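One structure is given below, encoded as structure tokens.
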Amino acid sequence: MELIITEKDNAARRIADILSGGTFDSSRENGVNVYEWGGKRCVGLSGHVVGVDFPPEYSDWRDVEPVELIDASVEKTPTKENIVATLRILARKAERVTIATDYDREGELIGKEAYEIVRDVNEDVPIRRVRFSSITENEVQNAFDEPDDLDFDLAAAGEARQIIDLVWGAALTRFLSLSAGQLGNDFISVGRVQSPTLKLIVDREREIQAFDPEDYWELFADLAKNGTTFEAQYFYRDEDDNEAERVWEEAVADEVYETLADRDAATVVDVNRRTRTDTPPTPFNTTQFIRAASAIGYSAQRAMSIAEDLYTAGYITYPRTDNTVYPDDLDPEELLDDFVGHATLGESAESLLEADEIVPTEGDEETTDHPPIHPTGEIPSRGDVSDDEWEIFELVVRRFFATVADAAVWEHLKVVTEVDDYRLKSNGKRLVEPGYHDVYPYFNTSENFVPDVDEGEELAIDDVELEEKQTQPPRRYGQSRLIETMEDLGLGTKSTRHNTLEKLYDRGYIESDPPRPTKLAMAVVDAAENYADRVVSEEMTAQLEADMDAIASGEATLNDVTDESREMLEEIFANLADSREEIGDHLRKSLKDDKRLGPCPECGEDLLVRQSRHGSYFVGCDGYPDCEFTLPLPSTGKPLILDSECEEHGLNEVKMLAGRQTFVHGCPLCKAEDAGEGPILGECPECGDEHGGELAVKTLQSGSRLVGCTRYPDCEYSLPLPRRGEIEVTDEYCDDHDLPELVIHNGDEPWELGCPICNYQEFQARESDTGSDLEALDGIGAKTVEKLADAGIESIDDLTESDPDTVADDVEGVSADRIRDWQAKA
DNA sequence: GCAAGGTC
């Protein structure tokens, strides 16, 4: 029996399909899919199935000095036990093993991990390696016709990275955490990739804080020709003879303004017309995909998660790639053909197929692991995917369209006019040939009108404006901009960059979007810059890359590189030893600064945002236990302390971050004071008859609101109300319950909530309508729940027990892959 | 309970 090992299940299935000509059988062992045909078995790993760590005696942070980790041994242990177990069983019976992991450095290491597991149980079996850049019939057949051996040097390069990252990361993370007394969940992390990324954000924040705005003026005039007006802006030549628009002295600005306002006409002195070719974008790699998705409102994390779902469902290719050159075996015409006749995408595809020749664009990066992200030709029907998934799918399809479309052509028209010695310029642009913009409508194509004029022509001055402005601090990095910058600096990989940002959020280093660094982050970067400069610099990665290349080419060994790295870390720790307390104090102070709201009204110490043992947030006094003053915070979301301060109490306002339900809570002390009973609505249906209880709108101290009985706590009758918006009690009464109808005013459209009892009953009815826990799964909506119910699947339990292929046959528009996906999520 | 890198 020959055993073929791939990096992931998906690849295993596709390779089995190709090599078996579609005749493979599949079975499951230990929850791992095994594909079998004609004496061959193919199994997919799940990336790394073993991980590096220190021996268990190093695991207690308090018992081990961080510096000891530098020379501690590093062990490999299985992290995916079931896959390792399956691999061992299959390897024992194998007469030949073929490693078919991804064609890149990490793939070689993952391949070596599989190699070692196989060798452990089967000393003699021949083990070979195949390499292919995309899982297509040709590439895979060729690779299996010409097998090669594992490249142990390349794998060793990856192992060196693992060891260096672990040793540096763990030793420094433990040092900082111990120095500040931050153990448990709130440790203070440091790493080769996360720390330089954090420094990017912190450096930008420092620039913003140090920024000193300067006043300047800009002048605009409306010029008219034949009754239509267009804008012109004053400019001059600066000392370097460049065109400049900003006037730095008010007196000069006033003088220009008065001259322009005084004159009726400007004379055209120069007309410059040129056409510019606007070339279509290059194929999507991960970073460019994230950037484009972010431009239409998706966070990096969300975009990648949707892309992952579309990939597993078979609609797009692998979403983690650096490649921006389509492989030779991608036939653009064939792929376009798949979209012909489609309701929303067909028209674009058909127009592209009319071209005489179809030549896709190419980016600078051509790699061996995966093709650029493109559609597979399989098109989901709208019911198969959520709106967000469709939007991302369409983006990927249209990007592919754009890469095979014609260039666009713009006509630029620059008109320079003169008033006395002052000059004005107008920049017009017109899209003459829309080209790829027709099939890729995500770029801005707004035009700017400037009419045809001739030199010497006089144009009427309609209006003149003098605008006073201030220079602005540099802008914070947005998430996609950060990911691009990380790529430019070589930080992280296509698969990890977006996770690194998520990690910085989780560690309490950044908050909000665009991300802002916390005081803790500033202190961590400070400490690292002072004592371990290397770990916050992108050069550590650059050096590591060079070292890995040296290992891969045989010029250096794993030990050369890791020994040298350990020595550098020893030196850092020698310098750190005396400063432990100083660093700890600074970190502790910054941690407190991040939680501080303002003075306690009872004792004057600081009020801090704290977290109870159960995880809920509240406001407590730093003077505790001497001062027991507390204030509640809403139970939904994570509190973010805003810059704005409450005038009455001098406390910072609080915002509750809860995804789409994010809201501003305001000053917690004001909220507590406002708490109490609002307007009476009517008789309590529970105790009104007997005890005369009445229903009132109530605000709890936490800020949440409800309709409750005035006899609380004797009567606990209550109805929920929305958290946000002003509640209006109308004159309309509900016939059934004799209560006034309510309207909620929250920004946009008023929400006619109606009678609170009717509203609650409707809400409950809706809840119990589908009544299925299936709806809790990502990607299953009410319609799909109905469809599944028709096929006899009414709960998550039903779903996990069913066979995907049978269900896919029974339920229209749901693929077996999607079902497997749900089963995995369940 | 540390890193970064795979993948689900």
Side-chain angles (χ1 to χ4, degrees), chain A residues 6-12 31-33 44-54 56 58-64 66 68-70 72 74 79-80 82-83 101-102 104-114 155 157-178 182-197 304-305 307-309 311-313 318-320 369-370 486 490-500 502-504 506-507 535 540-541 544-545 548 565 569 778-779 817-818 820-826:
Chain A
T6 69
E7 189 155 322
K8 42 193 167 278
D9 174 59
N10 215 298
V32 183
N33 290 326
L45 307 175
S46 182
H48 290 286
V49 292
V50 296
V52 290
D53 208 346
F54 302 110
Y58 289 89
S59 57
D60 192 321
W61 293 30
R62 275 160 302 201
D63 286 355
V64 179
E68 293 179 63
L69 295 177
I70 301 177
V74 173
T79 49
K80 304 270 164 57
N82 59 328
I83 299 179
T101 47
D102 290 356
D104 56 15
R105 184 173 57 218
E106 217 60 27
E108 208 68 20
L109 176 53
I110 291 166
K112 193 202 163 195
E113 290 163 6
E159 288 179 306
R161 179 200 58 69
Q162 288 185 316
I163 293 167
I164 290 171
D165 282 340
L166 173 67
V167 172
W168 280 69
L172 289 169
T173 295
R174 287 197 195 180
F175 180 88
L176 288 191
S177 303
L178 286 165
Q182 289 293 110
L183 296 174
N185 289 329
D186 299 321
F187 61 87
I188 298 173
S189 67
V190 176
R192 172 179 60 83
V193 174
Q194 60 170 278
S195 299
T197 305
M304 284 309 287
S305 149
E308 183 71 40
D309 288 345
Y311 158 69
T312 27
Y318 193 64
R320 292 182 278 271
D369 48 356
H370 299 283
M486 289 173 76
L491 296 173
T493 72
K494 64 219 174 195
S495 319
T496 60
R497 286 183 200 114
H498 60 280
N499 293 335
T500 302
E502 217 49 32
K503 185 177 278 179
L504 296 179
D506 288 347
R507 298 279 198 268
V535 84
M540 179 164 173
T541 295
L544 182 62
E545 286 289 340
M548 284 194 287
S565 181
L569 190 55
D778 225 17
D817 277 346
R818 267 184 93 204
R820 279 189 202 96
D821 192 36
W822 293 332
Q823 288 178 331
K825 284 178 189 161

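Quantities reported herein were computed from a predicted structural model and do not represent experimental measurements. Convention: sequence-line order gives letters A, B, ...; per-chain numbering from 1. Computation of the quantities below employed the complete heavy-atom set of this structure, encompassing side-chain atoms and omitting hydrogens, waters and symmetry-equivalent molecules.
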- [ ] Could I get the full list of side chain to side chain contact (heavy atoms under 4.5 Å, CB included) partners for A:Q194, not counting sequence neighbours?
- [x] A:S189, A:T500, A:K503, A:L504, A:Y509
Open item on the list: Taking salt bridge (Lys or Arg N to Asp or Glu O under 4.0 Å) as the definition, give me every residue that meets it alongside A:K80, ordered by chain and number, with sequence neighbours left out.
Closed with: none
TODO: Summarise protein proximity over nucleotides 1-7 of chain B in one line of letters, 5' to 3': B for base, S for sugar-phosphate only, - for none, counting protein heavy atoms closer than 4.0 Å.
DONE: BBBBBBB
Open item on the list: Applying salt bridge (Lys or Arg N to Asp or Glu O under 4.0 Å), can you list everything that pairs with A:R507, at least two apart in sequence or on another chain?
Closed with: none
TODO: List for me each residue that meets salt bridge (Lys or Arg N to Asp or Glu O under 4.0 Å) alongside A:E159, sequence neighbours excluded, and say none if there are none.
DONE: A:K76, A:K112
Open item on the list: A:S195: which residues meet the side-chain hydrogen bond (donor to acceptor under 3.5 Å, both in side chains) condition with it, sequence neighbours left out?
Closed with: none
